[in-house]
Amino acid sequence: LDLLGPLSLAEKITLAVFILLLCLWAGAPAMIMGSGWTVNPTSAALIGLSILLLTGVLHWEDILKCRGAWDTIVWFAALVM
């Protein structure tokens, strides 16, 4: 770990988004502020993706390169429906 050096800004943002998403998926807002603050897991994922895109951690080109992942998401969504 010493060879890797300190965390970069992008790594810190990714870590913060990861913790935020864990809290949202676990239902922490609903536990703290009541059932009116329940966040849908799909909405939580969109929030996380949006934060990573807006802060520049991810770029749209990076997302478009992962065609297999998007293909899996589309097929999984169709199967779940």
Side-chain angles (χ1 to χ4, degrees):
L1 289 175
D2 289 336
L3 296 174
L4 293 175
L7 291 174
S8 68
L9 179 61
E11 291 169 335
K12 290 177 184 177
I13 292 171
T14 303
L15 182 61
V17 169
F18 179 73
I19 293 169
L20 171 69
L21 290 177
L22 282 176
C23 291
L24 290 176
W25 285 328
M31 285 188 272
I32 295 170
M33 295 180 275
S35 62
W37 288 87
T38 302
V39 178
N40 185 321
T42 306
S43 299
L46 185 59
I47 290 168
L49 179 62
S50 299
I51 293 171
L52 292 176
L53 284 171
L54 289 173
T55 57
V57 174
L58 280 179
H59 300 283
W60 192 247
E61 293 80 28
D62 297 331
I63 294 171
L64 292 178
K65 289 178 187 174
C66 298
R67 294 183 189 268
W70 288 110
D71 207 26
T72 303
I73 288 172
V74 169
W75 281 105
F76 184 68
L79 291 173
V80 169
M81 285 191 322

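Starting from 1, each residue takes its place in the sequence as its number. All values reported here derive from a predicted model rather than from experimental measurement.
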Using the rule that two of Ile, Leu, Val, Met, Phe, Trp, Tyr join whenever any of their side-chain heavy atoms come within less than 4.5 Å, decide whether Ile32 and Trp25 are in one cluster. no
Do you reckon Trp60 sits in the same ILVMFWY cluster as Val17, going by side-chain contacts under 4.5 Å, direct or chained? yes
For a side-chain contact (heavy atoms from CB on, under 4.5 Å) with Thr14, tell me which candidate from Leu9, Thr55, Ile19, Val57 qualifies. Val57
At their closest point, which heavy atom of Lys12 faces which heavy atom of Leu7, and how far apart are they? CE-O, 3.6 Å
Please report the shortest heavy-atom distance between Pro29 and Leu24, naming the atom on each side. CG-CD2, 3.6 Å
Show me the side-chain donor-acceptor pairs of residues 37-52 shorter than 3.5 Å, one per line, residues at least two apart or across chains.
{"residue": "Thr38", "atom": "OG1", "partner": "Ser35", "partner atom": "O", "Å": "2.9"}
{"residue": "Asn40", "atom": "OD1", "partner": "Thr42", "partner atom": "N", "Å": "2.9"}
{"residue": "Ser50", "atom": "OG", "partner": "Leu46", "partner atom": "O", "Å": "2.7"}

How far does CG of Leu20 sit from CD1 of Ile13, to the nearest 0.5 angstrom? 13.0 Å
